[in-house]
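Below is one structure, written out as structure tokens; the observations come after it.
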Amino acid sequence: MENKTEKPLDFIRQIVADDLKTGKHLKPVTRFPPEPNGFLHIGHAKSICLNFGIGVENNANCHMRFDDTNPSKEEQAYVDSILTDVKWLGFGWGDNLFYASDYFDQLYDYAIQLINQGDAYVCDLTPDQIREYRGTLTDPGKESPNRNRSVGENLDLFERMKNGEFEEGACCLRAKIDMNSPNLNMRDPVIYRILKAHHHRTGDKWCIYPMYDYTHCISDSIEGITHSLCTLEFEDHRPLYDWVLDTLKTPCHPRQIEFARLNLTYTVMSKRKLLQLVKENYVEGWDDPRMLTISGLRRRGYTPASIRDFCAEIGIGKRESWIDMGVLENCVRNDLNPIAPRMMCVLDPVKVIIDNYPEDKVEEVTAKNHPQDPEQGTRTLPFSREIYIEREDFMEDPPKKFFRLGPGREVRLRYGYYITCDSYIKDEATGQITEIHCTYDPESKGGSSPDGRKVKGTIHWVSAKHATPMTVKLYDRLFSSENPDADKEVDFKEHLNPNSILILENCMGEPALADLEPGKQVQFERQGYFCPDSVESTKDKLVYNRIVTLRDSWEKVKDNE
RNA sequence: UGGGGAGUGGCCAAGUGGUUAAGGCACCGGGUUUUGAUCCCGGCAUCCGUAGGUUCGACCCCUACCUCCCCAGCCA
């Protein structure tokens, strides 16, 4: 988890390094502050890797903190999933697990202080009026008629707000800053509102809840955070972050630094939209393997390392950028290639009968578990007269560059024998090939022959009688548009890819595939990386997920034919 | 037409006054190969949003302009 090669520091790590060098800080303290109102996704992974990454790189702490100030949207279930996901990604927070709700009492006291200093007031304007009074991007705001209430009256009103004497929306506490500020966030922002909702941690103790801008900076300060990292849209909030801490004269004043959030092609990243896909059943849940949530990626078969590599690869900056989905895919391939054991599985089987092979004979052939890594050993595979091969590995009238099976052509069965196609049977009604007849060369066991003749093509196969039947789910990108959000006139769901999942019910795998543990990643040779689905796969009905395909240069050649 | 940000190859991204302008992905060639995988080798910006200026010298400094993103929740 450390820098392998000398990758240049991103601008944030540079700032942290400088602060250490100048002695401004002995150790950085960062934090990952999700709101528990949804599941974590690949975009959060970027923030997690940044914040926790700075922690491990400096042998320092990164706090886990839930920003739970809006009980109407938050749930314990989300807290649990978030904790699970961060751990799974490979990070830890030790004893530093916090909740903004832990600070509600302190936050309340600070609000009293603000009132006493004349820096906050209770405002009776309705939400609509507040919006009106706020002005616009180009016009200044108007001061609330309650702006100059006495400290005593404010204290009394705020106390009564806390005691539940007012209805939601009847009034709120506002910071007294500047209604003429060109930054709308500084036009007397609301810092406390009345919310008669049950909070997942504090229950019904409170009916007023602090707002993000007021809570976040104080929470950071309480925890002694040195660098408070957030996304670009909070840039305009930084003056408010600083105002609160300066006005309250808190002993510690963290530096907020903003970076660009992650955008990935062919997907959507907002929690709101992901929630919608889940709620309206466009996907099977937050952990649907097509979802770019951490739980979806985990179920799909992505490794934590591949996601960390991805986050390191894309870097941290301030430009709004769109990362190609291919970069993520490349990261899993790179991670899995050296470690995933090789197996054979025929996804779309067609039967091959080897006419010159004895009826009841079964022999064993030896296969390498990894072609480049002898340490992974070998295994034996049963071979017999009837086998399955991939339907697309046979063509009735193949072009020259098709290095597979066709009438009169010879191919190598991986780790098996050379076979030559003599004839085939076709169902005239459907046009489907139902059976292929071949003869094998008994001298070629293992995949090479004494005469040293060249056989260009090697295909995978599985002994029919010994095969493990299974279901394989092939996934493709969830959306068929690079940016489903691009057109404001068109709902993003219009761009859902109708072929994002293809379920193959009749796949035939080699025997060992019957007892792989759920989630265990393997490579199906010539196909891609797969793993047994951790929720659906059972001994009786095996279900495998395709994590990612192998690179396929044949695909390009084929298109040029 | 207010304020805050950003502009380096198809996509990311280093670079912070003197470099042949890193690296990854993608793409294009070639080699090895019992996975058309992996691996290896080679190619891929005379140019850094545009136009001026400063300088012996600028992607890096200055000026103007252009384009894109964010902000008017009692959401975070």
Side-chain angles (χ1 to χ4, degrees), chain A residues 5 7-10 33-35 37 67-70 72-74 123 125-127 130-132 134-141 168-174 181-187 189-195 208-209 211-213 215-216 230-239 258 260 265 271-272 312-331 333-334 337-338 342 344 367-368 370-372 401-404 412-416 418 446-448 455-460 523-528 549-558:
Chain A
T5 44
K7 225 195 158 183
L9 297 182
D10 56 68
E35 182 189 13
N37 67 343
D67 234 325
D68 55 351
T69 56
N70 186 354
S72 58
K73 290 186 179 171
E74 298 152 5
C123 179
L125 257 24
T126 65
I130 287 189
R131 187 178 337 117
E132 246 180 80
R134 185 154 33 223
T136 68
L137 296 179
T138 48
D139 302 317
E168 288 189 8
C171 53
C172 60
L173 185 71
R174 293 227 253 168
S181 172
N183 181 344
L184 306 217
N185 294 121
M186 300 298 272
R187 319 241 263 227
V190 173
I191 58 176
Y192 260 95
R193 79 292 212 184
I194 298 170
L195 235 39
I208 55 171
Y209 292 91
M211 298 285 288
Y212 166 84
D213 286 309
T215 308
H216 201 86
C230 61
T231 43
L232 253 26
E233 67 271 27
F234 292 101
E235 241 160 350
D236 287 342
H237 295 241
R238 185 164 11 104
E258 310 83 9
T265 56
K271 274 198 251 182
R272 210 199 91 240
E313 191 61 55
I314 60 176
I316 300 290
K318 299 195 71 153
R319 304 182 213 171
E320 307 246 354
S321 56
W322 282 83
I323 310 290
D324 196 285
M325 190 66 105
V327 178
L328 215 207
E329 295 174 344
N330 185 59
C331 287
R333 288 195 191 100
N334 283 344
N337 176 48
R342 271 52 175 176
M344 290 200 281
K368 292 178 185 168
H370 191 110
Q372 281 83 34
K401 280 190 267 185
F402 184 80
F403 307 137
R404 310 182 193 179
R412 170 168 38 235
L413 295 174
R414 173 139 247 225
Y415 303 123
Y418 290 176
S448 61
V455 172
K456 180 77 180 163
T458 300
I459 63 174
H460 57 102
Q523 185 193 97
F524 288 176
E525 294 213 26
R526 303 209 306 135
Q527 299 292 247
T549 62
L550 253 29
R551 277 203 196 83
D552 186 3
S553 57
W554 163 242
E555 196 66 36
K556 289 162 201 161
V557 178
K558 192 171 62 178

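Residue numbers start from 1 in every chain, and the chains themselves are labelled A, B, ... in the order their sequence lines are given, proteins ahead of strands.
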Check whether any side-chain heavy atom of Y192(A) lies under 4.5 Å from a side-chain heavy atom of M211(A), and answer yes or no.
no
Under 4.0 Å between a side-chain nitrogen and a carboxylate oxygen: does that hold for E235(A) and K318(A)?
yes
For a quick check of understanding: with a heavy-atom distance under 4.0 Å over all strands, which category does L550(A) fall into, base, sugar-phosphate or nothing?
base
With pairs defined as Watson-Crick or G-U wobble and both distances under 3.5 angstrom, please note down RNA chain B as a dot-bracket string, | for pairing with another strand.
.(((((((.[[[..)..(....]]].(((((.......))))).....[[[[[..)....]]]]])))))).....
Compare side-chain N and O positions of T265(A) against OP1 and OP2 of C11(B) and report whether any pair is under 4.0 Å apart.
no
In whole angstrom, give the distance that lies between atom CD1 of I316(A) and atom C1' of A14(B).
14 Å
Nucleotide N/O of nucleotides 20-23 of chain B paired with protein N/O under 3.5 Å:
none

So Y212(A) and F234(A), would you call those rings parallel, tilted or perpendicular, with 30° and 60° as cut-offs?
tilted
Residue whose nearest RNA chain B nucleotide is more 5′ - N330(A) or R412(A)
N330(A)
Atom pair CG (D213(A)) and CG (N185(A)), whose distance is rounded to the nearest 0.5 Å:
6.0 Å
Protein heavy-atom contacts under 4.0 Å, written 5' to 3' over nucleotides 71-76 of chain B as B (base), S (sugar-phosphate only) or - (none), form the string BBSBSB
When you compare C59(B) with C47(B), how far apart are their C1' atoms, in angstrom units rounded to a whole number?
9 Å
Side chains of H370(A) and R342(A): donor-acceptor distance under 3.5 Å anywhere?
yes
For a quick check of understanding: with a heavy-atom distance under 4.0 Å over all strands, which category does R174(A) fall into, base, sugar-phosphate or nothing?
nothing
With sequence neighbours excluded, residues passing side chain to side chain donor-acceptor pair (under 3.5 Å) with Y418(A):
R412(A)
Restricting both atoms to N or O, compile the protein contacts to nucleotides 65-69 of chain B shorter than 3.5 Å, with distance only.
{"unit_1": "C69(B)", "atom_1": "O2'", "unit_2": "E320(A)", "atom_2": "OE2", "d": "2.6"}

Expected label for G73(B) (glycosidic angle, syn inside 90° of 0, else anti) would be syn
Expressed in whole Å, how much space separates the C1' atoms belonging to G53(B) and C12(B)?
33 Å
Short N/O separations, protein against nucleotides 27-31 of chain B, under 3.5 angstrom:
{"unit_1": "C27(B)", "atom_1": "OP1", "unit_2": "K556(A)", "atom_2": "NZ", "d": "3.2"}

Out of K271(A), K73(A), E74(A), which residue meets the side chain to side chain donor-acceptor pair (under 3.5 Å) rule with N37(A)?
K271(A)
